[in-house]
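Before any comments, here is the structure.
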Amino acid sequence: MTITDVLERGPATGSPAVRVNDFSINVASPNGSGSQTSNMVIIRALFQMGIPVVGKNLFPSNIQGLPTWYIIRLSKEGYLARKEGTDILAAWNQQTLAQDVAELAPGSVVIYPLDWKQEISRDDLYIYRMPIKELMDTFDIPRELKSRVANMVYVGGVSYLLSIDLDAVEKALSYELHGKEKAVRLNKQVVQAAYDWAKANWSTKIPYRAEPMENSPVKGKFLAEGNAAAGLGAAFGGVSVVAWYPITPSTSLIDATRIFLKRYRHSSDGKPTYAVIQAEDELAALGIVVGAGWAGARAMTSTSGPGISLMAEFAGMGFFAEIPAVIWDVQRVGPSTGLPTRTSQGDVMFTHYLGHGDTKHICLFPASPAECFRFGWESFDIAERFQTPVFVLTDLDLGMNYWTSEDFEYPDKPLDRGKVVPAEDIKKPGDFYRFVDVDGDGITRRTLPGTDSPYAAYFARGTGHNKYGVYSERSDDWEENLQRIFRKIDGSRDKLPQPVVSRMDGAQVGIISYGSNEPAIVEARDMLAAQGISTDYLRLRALPAAHSVHEFIRSFDHVYVVENNLEGQMAQILRLDVPEKADRILSINKQDGLPLTAKFIVSKFLEMEG
Amino acid sequence: MTITDVLERGPATGSPAVRVNDFSINVASPNGSGSQTSNMVIIRALFQMGIPVVGKNLFPSNIQGLPTWYIIRLSKEGYLARKEGTDILAAWNQQTLAQDVAELAPGSVVIYPLDWKQEISRDDLYIYRMPIKELMDTFDIPRELKSRVANMVYVGGVSYLLSIDLDAVEKALSYELHGKEKAVRLNKQVVQAAYDWAKANWSTKIPYRAEPMENSPVKGKFLAEGNAAAGLGAAFGGVSVVAWYPITPSTSLIDATRIFLKRYRHSSDGKPTYAVIQAEDELAALGIVVGAGWAGARAMTSTSGPGISLMAEFAGMGFFAEIPAVIWDVQRVGPSTGLPTRTSQGDVMFTHYLGHGDTKHICLFPASPAECFRFGWESFDIAERFQTPVFVLTDLDLGMNYWTSEDFEYPDKPLDRGKVVPAEDIKKPGDFYRFVDVDGDGITRRTLPGTDSPYAAYFARGTGHNKYGVYSERSDDWEENLQRIFRKIDGSRDKLPQPVVSRMDGAQVGIISYGSNEPAIVEARDMLAAQGISTDYLRLRALPAAHSVHEFIRSFDHVYVVENNLEGQMAQILRLDVPEKADRILSINKQDGLPLTAKFIVSKFLEMEG
Amino acid sequence: MGRRDQVNVLGLTKKDYDGAPSTLCVGCGHNSIANQIQQIAWELGLPQHQVIKLSGIGCSSKSPAYFLGHSHGFNALHGRMPSVATGAVTANHSLIAIGVSGDGDTGSIGMGQFKHLIRRNVPMVYVVENNGVYGLTKGQFSATADQGQFNKYAGGINELTPIDLCFEAIISGCGFVARSFSGDKHQVQELLKAAVNYDGTALIDIISPCVTFNDHEGSSKSYAWVQEYNEVINDISFIPEQPEIMVNYQEGESISVKLHDGGIVHLTKLDKSYDPRDREAAITLLERYQDPDKIVTGLIYINEDKKTSTQILDLPETPLVHLAQSDLRPSREALADALNTFRM
Amino acid sequence: MGRRDQVNVLGLTKKDYDGAPSTLCVGCGHNSIANQIQQIAWELGLPQHQVIKLSGIGCSSKSPAYFLGHSHGFNALHGRMPSVATGAVTANHSLIAIGVSGDGDTGSIGMGQFKHLIRRNVPMVYVVENNGVYGLTKGQFSATADQGQFNKYAGGINELTPIDLCFEAIISGCGFVARSFSGDKHQVQELLKAAVNYDGTALIDIISPCVTFNDHEGSSKSYAWVQEYNEVINDISFIPEQPEIMVNYQEGESISVKLHDGGIVHLTKLDKSYDPRDREAAITLLERYQDPDKIVTGLIYINEDKKTSTQILDLPETPLVHLAQSDLRPSREALADALNTFRM
Ligand SMILES: Cc1ncc(C[n+]2csc(CCOP(=O)(O)OP(=O)(O)O)c2C)c(N)n1
Ligand SMILES: Cc1ncc(C[n+]2csc(CCOP(=O)(O)OP(=O)(O)O)c2C)c(N)n1
Ligand code: SF4
Ligand code: SF4
Ligand SMILES: [Mg+2]
Ligand SMILES: [Mg+2]
């Protein structure tokens with residue numbers, strides 16, 4: 001075996017046709033090694049070239065050392081769901097090398113450090129090796145930076161192999177390093193050196209290529225995490241009290257909220273027009289939000305599964321005492337602490353009914369960063385209009401991964417504060433009663449503490465009360481009150497974000513889904529269409545479900561509800577909504593911590609269609 | 001108006017036929033006035049006479065002063081559900097007198113103090129007055145006892161009017177006052193004096209009479225609260241760690257547990273074979289139970305709605321980490337703090353799915369004191385057999401009211417500790433893995449801390465793990481593990497307390513219910529049968545529902561699920577179980593804080609049958 | 001108390017500060033405290049619409065319904081008043097917040113929220129109506145029950161270390177720590193007045209006997225016991241306004257502490273060596289009064305220099321709830337700018 | 001440390017006490033603490049099957065996985081280790097319970113359970129690996145972060161009063177209160193040994209720097225800072241067994257405290273006037289060490305006379321989990337008797 005053999009080796013099977021802008025790169029690295037910057041540089045460089053691209057970060061629940069995989073999919077057709085399988089593996093984690101390589105399909109490419117002793121025995125792969133230490137030694141890099149910058153070596157290698165534009169890489173670097181010139185220069189040098197080294201030492205060509213796209217479907221778009229978009233949305237929604245407790249994968253939503261609030265939300269005297277409070281736990285976080293909402297602020301919190309469990313009591317109180325609140329649930333895998341760094345849609349049912357006794361919450365399901373932004377502000381309008389806690393259910397995949405996004409639309413309506421009665425309207429006793437259903441829509445009027453009228457005050461409470469807001473244990477008061485609240489919630493169906501329906505000619509079957517499954521469904525429908533199967537697709541955006549969702553279900557012999565949980569939770573809720581179709585509402589679902597793939601959906605669909 | 005007019009007045013309408021052992025007495029009094037003893041004396045005296053009788057205590061969420069109604073129903077046929085309407089009102093609460101009287105049907109009887117100025121203007125009632133002060137002044141009663149003993153005045157009045165046997169009253173008094181002779185004598189004297197006074201001053205006869213029953217259906221039976229029975233059951237179930245936090249209406253369950261443990265559960269050295277810990281809150285209560293269950297104790301807690309909300313996180317962990325635990329939920333009206341002293345079945349759905357992520361708990365639904373006793377011990381067998389938290393859902397009505405009960409059966413099987421592996425069986429690595437499904441039933445083996453083998457230890461956790469109990473973030477491990485847990489829970493269906501079915505010839509329709517609705521259903525079915533409508537009745541005793549429940553549903557065109565909550569929660573769960581019948585599973589439900597009545601069920605039934 | 005028709009600065013009678021009729025037991029200490037709150041609100045001329053009353057769950061937590069009927073109230077969840085108060089005060093710091101809790105509500109289920117509210121120094125009056133038991137659930141021991149106490153409703157003797165809420169508060173950084181006794185109306189009133197005028201969390205732990213479940217002989221939370229063992233550390237009076245800022249910290253027999261609003265707390269020392277501005281002294285005092293038969297009441301600690309949550313959060317003078325749409329929704333340009341941050 | 005093949009009383013090497021390989025950051029203080037636990041378990045010859053390891057959630061709470069691989073472990077919920085430990089120890093008081101928590105886990109979400117565990121005096125070692133931040137969620141301030149601390153991950157400066165867990169423990173009645181530093185292996189080890197042998201809740205609050213998020217210059221929880229400002233109050237050594245009960249409480253330079261198991265804690269005083277058996281002194285000490293640049297480590301308070309939860313509950317010698325069916329299920333006659341109580 002010559003030195004060239006060691007540096008580079010092609011598969012024994014001969015080389016297949018070249019795939020342009022349609023393959024996956026998997027970077028395996030240990031957590032905390034700083035590889036995230038390198039991965040972002042690759043993805044941003046590709047995006048810069050006009051190639052639709054998406055990255056899924058599979059990171060561990062730990063700070064340093066455990067395996068991380070960052071999977072980048074290029075799709076010239078613009079399919080941006082997760083896809084199973086890796087075509088190019090940058091194997092930067094010695095611990096998982098063997099397993100990562102074992103999982104590759106024949107014809108895949110592996111790049112890994114020459115510094116390691118391990119050899120790869122498979123002869124059906126393209127194998128490239130790069131000398132990290134040797135390359136790094138040519139630079140004068142401070143010791144503490146070395147290991148981070150070393151990750152730029154695979155950026156250079158991958159760029160060379162795929163012909164990624166180095167100018168695009170530089171732009172990406174500059175963005176990722178916030179334009180810090182020195183850092184950009186240093187990193188760029190390493191990428192360049194690695195690129196040059198690869199060019200000099202590798203000769204085989206691989207059948208994968210990244211090519212700039214002229215009429216790019218991502219033109220004018222940008223990459224964004226749902227959590228950042230949500231935070232921005234909240235800032236534009238006029239949130240003024242944020243209370244939270246750290247938890248993955250929700251933390252970055254609050255981080256973004258704080259950043260955008262700091263940037264855009266100061267009063268004329270330069271003071272912040274908001275407060276962000278890190279609570280001692282999730283019970284307190286929602287308690288603060290409920291207190292602030294009662295006092296008249298737009299208040300929100302964000303959490304994930306365990307926090308939702310802890311918020312149950314306050315959620316029920318908010319529902320029953322009719323206090324506006326916005327709660328984001330960036331879902332991760334449960335039950336229990338579960339998999340904190342894996343994605344899921346497993347809280348749908350629990351959250352919809354959160355709280356003991358008869359309870360039913362309004363839930364919103366954003367499916368893109370743009371929708372995270374929109375629901376970021378609109379959730380407050382909904383919460384104040386319906387005087388109730390509103391849950392926005394997103395997930396780790398949408399929240400923490402980078403999705404391609406169009407521009408967010410500026411709010412198309414002013415803040416809706418709902419039925420708040422000002423002091424001027426309350427001149428005498430009887431001008432205001434908290435729970436009298438004046439308008440017949442179940443939504444009663446409220447006052448805020450501080451309203452300067454002796455008849456404005458009422459007592460907020462989680463105990464039984466009559467329509468005048470007076471404590472009551474009477475059966476008729478209880479029934480009247482709770483039934484009205486349910487009428488209010490039920491009445492919201494057609495006033496919440498309405499479903500988005502996409503039809504195909506001659507569709508005989510309907511697909512219903514929600515949230516982050518969107519890209520996989522789009523792709524799956526195209527795959528089915530390619531097989532001659534037309535489908536109509538309804539994307540649900542809120543619970544309680546609009547009547548049009550029921551109509552959609554009734555209009556088909558059967559529908560499939562696609563979702564990322566074990567029990568088919570949304571399917572269950574819809575079965576209860578449309579009982580006469582309950583056995584024709586079928587579940588395509590899975591819960592393994594990863595975003596759904598089109599392939600899974602298609603194969604399940606075909607299997608179930610029989 | 002002569003003095004006689006004031007003391008006694010009959011209705012203007014003339015007197016109807018006498019009703020024997022088939023009417024209701026309502027004692028209205030202020031809370032904390034000690035009337036509970038008097039009421040219990042009446043009910044026990046009637047019971048002593050062989051009359052089937054039941055009392056529903058409608059008490060306020062306060063300690064002193066707010067209105068309380070104690071409604072005693074006599075039913076010679078043995079119908080012991082709540083019945084709407086009062087025939088005899090002992091109006092001992094000045095505050096509610098007017099309203100209480102206003103609600104009476106013509107021909108009803110009112111007894112109220114002569115000491116009050118209020119006159120009753122209705123002329124369609126029997127009205128009797130009694131001079132409390134005058135009567136009490138004839139006794140030398142310590143000041144602090146006076147107001148309590150004064151309640152015995154209406155006992156005397158009612159006894160006279162209905163011809164209640166004064167020996168029975170004395171027996172009842174003796175029981176209620178724990179045989180304390182002096183107290184019994186004193187109270188008896190007051191009853192007697194009131195009785196004598198009534199005899200001397202009243203002449204009109206009312207059309208209601210209590211008569212001793214020879215072949216009494218309650219012969220050999222006794223009166224018991226479900227909570228007391230449950231506590232006794234726990235003591236016989238070998239509970240060794242009880243952790244709890246006070247909450248109405250669950251507190252008396254723990255009180256009873258402590259009393260019976262103290263009485264029957266000492267080791268040979270005279271030490272208690274149990275520990276009862278008053279926790280700082282419900283989170284800690286379930287945490288203690290989970291810790292004790294993990295360590296191998298039979299551990300339980302008891303709570304009500306708000307506590308269930310607070311237990312969500314630990315419930316999910318117990319489910320996922322597979323730790324036996326028993327949680328009683330003595331339901332009261334929610335959402336939120338709701339009506340703490342009113343009954344409900346409103347936690348069914350929330351508790352069944354308690355915890356974020358996909359979760360499904362085993363729930364038991366006792367319908368009588370005897371079943372509270374049985375589930376009191378059997379719940380531990382189930383929890384240990386299936387290694388999971390078991391929720392026993394009862395309610396205020398069954399828990400805190402006195403129900404007629406037959407003898408409780410001694411446990412018919414020894415303690416079932418489930419698959420606990422002893423040290424002897426673990427000699428070498430591989431002899432024990434915590435989550436390997438050796439038997440294929442989804443139930444894996446466990447060891448207890450302290451097991452003297454180096455290979456016995458495992459790590460309990462709420463995070464992802466593989467079948468060897470090792471922390472894992474792998475998708476396949478997660479799926480395998482959680483699917484197995486659901487297989488385990490699903491596999492319990494036919495091994496939990498099975499439904500009780502009662503059939504009638506020619507029944508075309510099925511009724512499903514559970515828990516404390518039992519007496520109302522029994523009565524409703526008889527009422528329907530009297531109208532020529534036969535029904536079959538299935539009483540569900542556990543979730544997940546047995547296959548025979550599904551069969552029952554499928555065997556009818558449609559079934560009615562009768563329950564005490566707003567959203568028809570059990571109906572919803574069954575709709576998900578039997579989707580093809582979802583629109584034929586109809587709800588007869590109501591939630592106003594009171595136990596359901598047969599009349600309500602019948603009228604709803606007839607209305608829905610059309 | 002004032003005659004029935006006497007009016008305060010706002011022209012209101014004390015009756016105008018009435019709440020709903022109490023549903024607590026006759027003789028319950030909590031009723032007296034509710035009356036004192038009503039009294040000082042009237043005396044100080046607090047505008048009721050500017051007051052919020054917050055509580056958890058328990059007999060004590062019911063009491064806000066029984067005073068200041070024209071103030072907004074929030075009867076929250078068991079043990080969770082602190083978080084609700086934090087939210088409300090953050091949303092509108094111009095409100096005068098009065099929280100009422102019980103020893104179970106604060107010391108058992110609410111311990112975490114209590115400690116963290118104090119750490120944040122949320123400006124509010126925090127009254128604990130402390131009776132050593134759970135009144136509303138019928139007499140179980142709470143976490144403040146003294147060791148060795150017997151209570152038949154609680155089923156025996158308490159063997160656990162009691163929680164001293166003043167001690168808890170002071171080590172969590174509370175700048176106004178007082179203990180009182182519902183039977184001492186004057187002290188309760190003056191402490192309340194000072195607390196209302198104090199800028200920060202003002203804790204008043206008031207021993208408030210439960211006549212139904214914990215007023216028997218031998219109960220260290222009974223009227224008789226407290227009357228017997230109560231040692232008043234200082235005699236407090238609050239002077240609402242002082243035209244000139246001319247305060248003499250006359251050491252010796254008395255101490256005056258000027259509050260940020262201009263009011264002055266005047267303390268006549270009963271224990272000559274005790275200075276409630278000295279935290280170490282306060283802590284030592286509390287440590288020396290750990291026995292049930294050593295009950296110290298009065299203003300135990302005061303420190304006006306602590307930053308409040310309002311200051312820490314740097315809130316604008318206009319309360320958050322009164323900000324206009326223009327303050328709450330950034331411009332279209334701002335959105336464009338934000339979107340640019342996403343673009344390379 | 002001992003040679004690799006050296007064996008303890010049970011004939012086991014230190015390696016036999018290994019747990020799984022650590023997944024914490026290289027240099028994390030928590031790793032060192034895990035090693036010390038392993039070390040003393042080996043030295044004391046603890047039977048691993050008799051040890052239970054409990055924790056909440058956090059980097060710190062992961063550490064029980066990294067020592068004593070043959071002991072049962074319970075990685076509970078965030079902030080809820082105390083309740084799980086209470087249950088487990090109540091169920092089986094023959095186990096040696098070692099709890100490991102973090103400052104977020106104990107001081108923030110877990111404050112209530114922490115305080116109430118201590119009130120109950122559940123016999124166990126309670127180690128807090130205190131780094132002033134939430135490590136696992138990437139560097140937010142925890143409740144023990146000192147005032148004025150800067151941390152970029154937490155987004156700025158902490159303005160809140162820190163929670164002092166030793167102070168919290170002592171006023172809740174803890175009978176074994178110690179502070180240490182993960183960098184002081186000897187002190188950690190000796191405190192752990194004493195704690196394992198102490199009958200009651202033994203709290204050791206160990207400053208354990210987070211190298212990833214809170215080890216920068218100026219951080220009062222950094223290695224450098226603690227090394228600079230650490231004042232060791234006493235030099236502790238634990239003497240496992242003492243054939244005769246012949247202890248001289250030689251006052252002066254050193255103090256010996258005999259533990260109920262026969263072991264002796266020997267303290268060489270570094271501050272001559274300080275006696276850790278004096279609660280008031282301990283409290284004053286803690287009060288005087290409230291500044292970030294005043295860090296006191298050592299055994300701060302010890303009191304062997306407190307009743308443990310096991311004693312309070314009057315548990316039988318046979319642990320509850322080992323009781324036989326005959327002890328757990330009363331007889332048929334008992335049921336008949338019970339039913340009679342229902343009958344008139
Ligand atoms: C989550 C929850 N748990 C339990 C209860 C039941 N509960 C109501 S009041 C109370 C105790 C109140 O004690 P305390 O705060 O001392 O008030 P007091 O009645 O003595 O004034 C309890 C346990 C509840 N309402 N909510
Ligand atoms: C209920 C709940 N809320 C939030 C989290 C997220 N979380 C995990 S660890 C942690 C903080 C841990 O901090 P600390 O206890 O100080 O441990 P460290 O990592 O610093 O050792 C948080 C907030 C969680 N797991 N559960
Ligand atoms: S029970 Fe006790 S605390 Fe409750 S109202 Fe009555 S006296 Fe007061
Ligand atoms: S993040 Fe900090 S606390 Fe967590 S393992 Fe790393 S150094 Fe330790
Ligand atoms: Mg109390
Ligand atoms: Mg920490």
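When reading the values below, keep in mind they use all heavy atoms of this one structure, side chains included, and skip hydrogens, waters and symmetry mates.
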May I ask you to decide if [Y]'s main-chain N or O and [X]'s side chain share a donor-acceptor pair within less than 3.5 Å?
{"X": "C:Q325", "Y": "A:L415", "value": "yes"}
{"X": "A:Y274", "Y": "C:L328", "value": "no"}
{"X": "C:H70", "Y": "A:P454", "value": "yes"}

Pair [X] + [Y], salt bridge at N-O below 4.0 Å:
{"X": "C:R332", "Y": "A:E409", "answer": "no"}
{"X": "C:R343", "Y": "A:D407", "answer": "yes"}
{"X": "C:D327", "Y": "A:R265", "answer": "no"}

Can you find a pair of side-chain heavy atoms, one from [X] and one from [Y], that are under 4.5 Å apart?
{"X": "C:E333", "Y": "A:Y410", "answer": "no"}
{"X": "A:I277", "Y": "C:T90", "answer": "yes"}
{"X": "C:R80", "Y": "A:E313", "answer": "yes"}

If I measure from the heavy atoms of chain C, does [X] come under 4.5 Å with its side chain, its backbone, both, or neither?
{"X": "A:S405", "result": "neither"}
{"X": "A:A321", "result": "neither"}
{"X": "A:A299", "result": "neither"}
{"X": "A:E406", "result": "neither"}
{"X": "A:A243", "result": "neither"}
{"X": "A:L283", "result": "both"}
{"X": "A:I323", "result": "side chain"}

Which portion of [X] sits near chain A, non-hydrogen atoms under 4.5 angstrom:
{"X": "C:R120", "result": "side chain"}
{"X": "C:P64", "result": "both"}
{"X": "C:L95", "result": "side chain"}
{"X": "C:T23", "result": "neither"}
{"X": "C:Q48", "result": "neither"}
{"X": "C:D337", "result": "both"}
{"X": "C:A20", "result": "neither"}

Spacing of [X] atom [atom1] and [Y] atom [atom2] [to the nearest 0.5 Å]:
{"X": "A:F260", "Y": "C:L335", "atom1": "CZ", "atom2": "CG", "result": "10.0 Å"}
{"X": "C:K115", "Y": "A:E280", "atom1": "NZ", "atom2": "CD", "result": "12.0 Å"}
{"X": "C:S61", "Y": "A:R461", "atom1": "OG", "atom2": "CZ", "result": "12.0 Å"}

Residue, of [options], that accumulates the most heavy atom pairs under 4.5 Å with chain C:
{"options": "A:G296, A:S267, A:A228", "value": "A:G296"}
{"options": "A:P414, A:A172, A:G469", "value": "A:P414"}
{"options": "A:T447, A:V276, A:D269", "value": "A:T447"}
{"options": "A:S453, A:A229, A:A279, A:G270", "value": "A:A279"}
{"options": "A:P449, A:P272, A:A285, A:S268", "value": "A:P449"}
{"options": "A:G293, A:G287, A:P411, A:G237", "value": "A:G287"}

Pick from [options] with the largest number of heavy-atom pairs that fall under 4.5 Å of chain A:
{"options": "C:S326, C:G73, C:A65, C:A91", "value": "C:G73"}
{"options": "C:A324, C:S331, C:P47, C:A336", "value": "C:S331"}
{"options": "C:L117, C:N75, C:I57", "value": "C:N75"}
{"options": "C:A85, C:G112, C:A88", "value": "C:A88"}
{"options": "C:L313, C:L320, C:I52", "value": "C:L320"}
{"options": "C:D314, C:V89, C:T318", "value": "C:D314"}

### Task
Take A:L223 and C:F342 through the test side chain to side chain contact (heavy atoms under 4.5 Å, CB included) and record every step on the way to the result.
CA-CA 7 Å; A:L223 293 173; C:F342 291 109; over 6 Å; no
### Message
Is the distance from the ring center of A:Y458 to that of C:F74 below 6.0 Å?
### Response
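Here the rings of C:F74 and A:Y458 have centres that are no less than 6.0 Å from each other.
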### Message
Determine whether A:F314 and C:V84 satisfy the following criterion, side chain to side chain contact (heavy atoms under 4.5 Å, CB included), listing intermediate values before the conclusion.
### Response
CA-CA 10 Å; A:F314 259 122; C:V84 172; 3.6 Å; yes
### Task
Mark yes or no: C:K53 above the aromatic ring of A:F459, with NZ or CZ under 6.0 Å from the six-membered ring centre and no more than 45 degrees from the axis.
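Judged by the rule (NZ or CZ under 6.0 Å from the ring centre, within 45° of its axis), C:K53 is not positioned above A:F459.
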### Query
Considering all heavy atoms of both residues, which atom of A:A457 and which atom of C:G69 are nearest to each other, and what is their separation?
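Result for this residue pair: CB-O, 4.5 Å.
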### Nearest heavy-atom neighbours spanning A:Q48 and C:M344
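Where A:Q48 meets C:M344 most closely, the heavy atoms are OE1-CE, 3.5 Å.
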### Task
Check step by step if side chain to side chain contact (heavy atoms under 4.5 Å, CB included) holds for A:W294 and C:L54.
CA-CA 12 Å; A:W294 167 72; C:L54 303 121; 4.0 Å; yes
#### Entry: Neighbour count above 12 (heavy atom, 6.0 Å) for A:K428 NZ
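Count not over threshold, so no.
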### Task
Return yes when atom NZ of A:K171 has more than 12 non-hydrogen atoms of other residues, nucleotides or ligands closer than 6.0 Å, and no otherwise.
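Result for NZ/A:K171: open.
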### Message
Checking A:K271 against C:L315 for the side chain to side chain contact (heavy atoms under 4.5 Å, CB included) test, could you report, in this order, the C-alpha distance in whole Å, the side-chain angles of both residues, the deciding distance, and whether it holds?
### Response
CA-CA 6 Å; A:K271 294 262 193 175; C:L315 295 182; over 6 Å; no
### Worked verdict on A:T451 versus C:H72 for side-chain hydrogen bond (donor to acceptor under 3.5 Å, both in side chains)
CA-CA 9 Å; A:T451 304; C:H72 269 77; 5.4 Å; no
